[in-house]
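Reminder, nothing fancy here: chain letters follow the sequence lines and each chain counts from 1.
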Amino acid sequence: MIALILRRVLAGVAVMWVAATLTFAALRGVRGDPVAAVLGPGALVTPEVRAQIVSEYGFDQPLVVQYLRWLSRLVSGDLGWSYQLGQPVTEVLRGQLGPTAELAIAATITAVLAAVVLALLTAGRGRTTRSLASMAELSAVSVPTFWLGLVALTFFSFRWQLFPATGAGSLSALILPAVVLAVPVAGVLTQVLREGLETALAQPFALSVRMRGIGPVALIGRHALRHACISLATMTGWVLGSLFGGAVLTETVFARPGLGRVLLSAITSRDLPVVTAVVLLVAAAFTVINLLVDLAYLAIDPRLRRRTA
Amino acid sequence: MTELLDARGLTVSFDDRAVAQDIDLQLAAGECLALVGESGSGKSVTARALVGLAGPRATVTAERLQVSGEDVSRYGERQWRRIRGSRIGFVLQDALTALDPLRTVGAEVDEPLRLHTRLGRTARDAEVERLLTECGIPDPERRKNQYAHELSGGLRQRALIASALAAGPALLIADEPTTALDVTVQQQILDLLAKLKRDGHGLVLISHDLAVVAEIADRIAVLDRGRIVEQGPALDVLSRPRHEMTRELLAAIPGNRNAKPRQVHRQGPAVLSVRGVSHRYRERSGQYRQALARVGFELARGETLGVVGESGSGKSTLAKVILGLLRPDSGDVLLDAEPWSSIGERDRRRRRREVQFVPQNPLGALDPRYRVGSVLSESLAAIGVPRSDRLQRIAALLAEVGLPPELAVRRPSELSGGQRQRVCIARALATDPRILVCDEPVSALDVRTQATVLDLLADLRDHRGLALVFISHDLAVVREISDRVIVMKDGHIVESGPVDDVFDHPEHPYAKELVAATPRIPAVETR
Amino acid sequence: MPHFPGPVALLSATILTLVTACSGAVRQPTGQAGGRVVFATDKEPECFDTQVSQSDISGVLMRNVFDSLVSRGQDGEFKPWLASKWSLSADELTYTFTLREGVKFSDGTPFDAAAVKANYDRIVAPATKSKYAAGLLGPYAGTTVIDPLTVAVRFTRPFASFLTAASTSYLGIRSPKAIAADLCAGSPAQQVGTGPFLFASYTRGQQVVLTRNPSYNSAPATAAHTGPANLSELVFRFVAEDTVRVGSVTSGQADIADRVPPNQVGTLKNNATVQLTSSNTPGLGYQYFLNTQSPLFADRRVRLAVQQAFDVDRAVKAVYFGEYERAWSPLSPATEAYDASLVNSFKYDPAAAAVLLDQAGYTGRDAQGFRTKAGRRLTATLLYVPLYTPEDRRTLDQALQGDLKKVGIELKLVPMEAAAYEPVRNAGEYDVIAFAWGGSNPDLLRTMFDSKNFFDAGGNNACRFTDRAVDDWLAAAAASTDPVARKDLYGKAQRRIIDEGVSLPTAVSERQLAVRSAITGLTFDANGWPLFYDVERS
């Protein structure tokens, strides 16, 4: 168990290293002047500033030296300097990770709860229920987040004044964006979970269980749900990770701080140091989440424990 | 004495199509009734109808359906649930999947107790241990906290039986309870069921194999196409079968039938030589396991070598080495006295067509999206048969394995188990091989199909002069087709020799045990 | 199969609890004496250092933190602020300011001549990397501290725009103690001025909180009161989405919504709790610049044909729901030296346009009905960056495209990625591009139309217009301190630009603000930007 965690942490470090290497390659792989790549388009700088960037990034050094320097800077937590924003990248990102994690986790929890309820209600039902459920899930997945956010705001915030429209940091400000973000996710998770439930219910053990006189509720609750949770965990981990950098629409509508907006504006303005930092942060989030998902697998499925013991 | 089970005129139909019709079954305490038939004969659906689980789309009607004297014919789901587990216990085949793999066997055995008894936690705990002990599981305190996959096949099948018995049902229905098991383990489970019968349980035993039920059944009912065609005391049915189906089932039991006389035996020099082959795997724990230890034999054209042993004895590793898929740690495999296992993959690829494989599970070995014709065409293409010739060759191959040509457009899921295995054999033949390695080729088939596939393999061997390596845990099957046999245990060959010598006079204790465990029909007279 | 009355009931109960627990979550902004006002605006400053930043929102926001030497009312008059009086030397090269006494920065540093010098010198220092303020200082030569309360700002040549520049927040004075290399970050320690509000906190992506400076004693003479600001707290909330911004104000979650889109103006007019206030935006409104060096528009007749073929009235009315006037000059009416005589100086006349195109030799027609000359279709390209082009402007582009098609001109709208756009733009490889540029100083015309100010030279002469007369008029106007002369010179330039058909103005954009009825005292500066010092909550 501990060995497994250790192995996964090492794997995570490896992933981070690859991510760092790739971002380095992206930064240096840009054709033309690397200083211009750091500065972003259209910047007119004095030779002194240019010289400072060259020496800071070591563009006058051999590639290997630059690479090692880059790595050691990252290890020491120095994410560099955004010349476009005129401040350290850590300053740009400060206060963004918290609201991002808050929103991603709240949305994921909401989606998982909704998916569990909906999948339990619809798994193994007749054709009408199933096609209705599929239709609902499809529309949940395909409804534009932007539009949904505006509709939710119009009713729940502007008309009935139940929740604040914008802001971050309080529970009431979190609920609307989390629910809006959760809707498409819940659509996907419900499908995954229902499919998992039905696969489990089709297995011989389900018949065994019923032959003991167990009713459908206990069959699902005590047996099938746990099987279905394996695929749910996989999907949930993926969703949670992708929400870390990808909740930009929700963040925009609800005027919330977040990595997604920082990333988007950095990409559009070609602020490579910021893009790099966000990419690394998201990679780190994915690494941590994957570790958690692996632990969840172990908790759910004893068959994996022995193989990895 | 009240009947535990009394069914008259039981009919199960799906969408107005009867799959079991006019079934009459009676069972008293301490009695064992066997339901025997081919797959698709309606035996399983009948058994499930007896616990109200024939399926949501099934219509079940009966003139009378009583369990322990109680009329259950109009029971709704809620009432059935009260009966299931408490009056009727049900055992499915393959405990690895029939027990919830994510829960400990203790929890599984405990579940009916929680549902049907008012016992407290500690009392249930004690009861779980007692049940495990009763079903022959040693060290129950430890075992109850283990999962199905952590137990051996025999132990987990016992645990499954314990879970069916937990809430004290007088009637036990067992649907192919030994099918997935090794022969010695099968014997142990049959012994357990016999003991339960002696203890007063009524037993309905469902199997495709008359030899298996012969030992413990008091009465046998033979099903064919949804109807009971013959029912009577076991000895009568076995010794004086009246219906054609019964006779066919009896005749199909390996070793029990009149195998075709061998026309061709060993011809010429060895095409396959295995010399002192050893191989070991490193397990996750870091320990090494000896899968093969100095294994050696020779095989000539037209000859069959049977390889016998239980799971884990090294049979499948040996198959991989012969197929050139695994390079042994030491020792050599030669084809026509030329190096085979020691050469590079590129050189080996040129001769791969000469060594072909027939798998155990044809459904898994065939791509579900490929039609039969495409499967064969692919193999033909691999040896360079031009496109224009392939259709003709496909038809010839299908004919050779006894399949009609129109099957070429079907997909694997549209075929029966026997047909699928024939397709696998045809695929193996497509490259015109000289050696065929068959790994448990008939284990997944029911007895009658098994017999026809064995006949086919023997025919092909004789007509094509194939050298056959035939791997099986089933001694009777091996005996029927092999010239010589090797018995394997823990990677070693513990006994080898001509097939009749080994089976009639086994010397190694393990070989003796294997032979003794083979189910046989006592004092059976066949035509 | 399974039946679950349980979970449904449970879920509804949960939702109910949540709803109950959260009602009342929307608090009305209340607070200490003076109260709190939330200003919802669409943009967020990328840099809070107005001496570096070029964005409007930085200027609007930091106006509340930094005072300037002089103040300029909406009438264009200059009034005392940090400087109580000033004079211009006879050679028009030196401005001498007498500074207000007893003013302190919020970190306790006294405001004096040395502080002015430190600020101005910093703005022009290359290390500051100023994107806008340095330009505002024009031919800056240096600042001389004469005594603690007297300072002289010197120029290398007469620079008439200086007072206008000095009145903006881009030349606002920050505490010399807090001056360092990089001051972009929104940290309170960096943003220290003498202004009516203190920079309290910044949450990126969300808001800036400003709190009242209790010892403020340097209100500009243009303001309605003196002493500390009326509000105890002022929040700038960054809400990019129009609907949300407006909804926040109608529902009382914000007090003022910036930039109400024209399509929402109608509904707000019927809302009793919200008032609409508008300010005309000085500068150059959204307009089309025809590249006079492209093969097509080198011919003045083709440019004029485009001018007369575009039904501006109809397009503006449709796009802005009748809320905006159409424009006649490259400068908007709120700009100093706007030439009102241009109104109705040309008209929509597709027939006349057709004649001009015939004269220019585009007499053929192809299968799609477009004009041709020597077999080549009359095709113009309009480059745009979708990211920076709001929907209203795109709709205007399409209206232009449709009108031009009617006279046989094909206008291709070519979307480009921002990064790819810039080099193409700088090389002049386009027929038309369009943008707007804010600013109250008509000297803007110089960066837009002076022949020395092509893109690659750092200017914005999108027409690649080379007209010696215009160059001369604009230079003379910039150097002149005589308002009448300036107005005359700038008027000539505007008329020439329209006569030549190089610029195609569209609408006179207004900044519409939705203000809750309880809020009073909102005013605007010469830029049309909102001022909060006098704002009160009743």
Scan the side chains in residues 180-193 of chain A for donor-acceptor partners under 3.5 Å anywhere in the protein, sequence neighbours excluded, and list what turns up.
unit_1, atom_1, unit_2, atom_2, d
Thr190(A), OG1, Ala186(A), O, 2.5
Gln191(A), NE2, Glu137(A), OE1, 3.4

TODO: Measure distances from Leu99(B) to the heavy atoms of chain A and classify the residue's part below 4.5 Å as side chain, backbone, both or neither.
DONE: both
Task: Cation-pi geometry met for Arg280(B) and Tyr288(B) (6.0 Å, 45°) - done: yes
TODO: Specify which of Thr104(B), Ile83(B), Leu92(B) makes the most heavy-atom pairs with chain A at under 4.5 Å.
DONE: Leu92(B)
TODO: Go through Pro101(B), Pro112(B), Ala148(B) and name the one with the most non-hydrogen pairs under 4.5 angstrom from chain A.
DONE: Pro101(B)
Task: Top contributor to chain A contacts, counting heavy-atom pairs under 4.5 Å, from Leu160(B), Thr97(B), Ile173(B) - done: Thr97(B)
Open item on the list: Between Glu129(B) and Arg142(B), does any NZ, NE, NH1 or NH2 come within less than 4.0 Å of an OD or OE carboxylate oxygen?
Closed with: no
Task: Residues Glu150(B) and Arg143(B) bridged, charged N to O under 4.0 Å - done: no
Open item on the list: Salt bridge or not between Arg82(B) and Glu70(B)? Use side-chain N to carboxylate O under 4.0 Å.
Closed with: yes
Open item on the list: Between Leu96(B), Asp94(B), Asp100(B), who has the most heavy-atom pairs with chain A when the cutoff is under 4.5 Å?
Closed with: Asp100(B)
Task: Top of Ala164(B), Ala166(B), Ser163(B) for chain A proximity - count of heavy-atom pairs under 4.5 angstrom - done: Ser163(B)
Would you tabulate the side-chain donor-acceptor contacts of residues 11-18 of chain A under 3.5 Å, counting partners in other chains and residues two or more places apart, or write 'none'?
unit_1, atom_1, unit_2, atom_2, d
Trp17(A), NE1, Tyr67(A), OH, 2.9

- [ ] Against chain A, label Ala167(B) side chain, backbone, both or neither, depending on which of its atoms sit under 4.5 Å from a heavy atom there.
- [x] neither
TODO: Output the option from His116(B), Arg114(B), Glu108(B) having the highest count of non-hydrogen pairs under 4.5 Å with chain A.
DONE: Glu108(B)
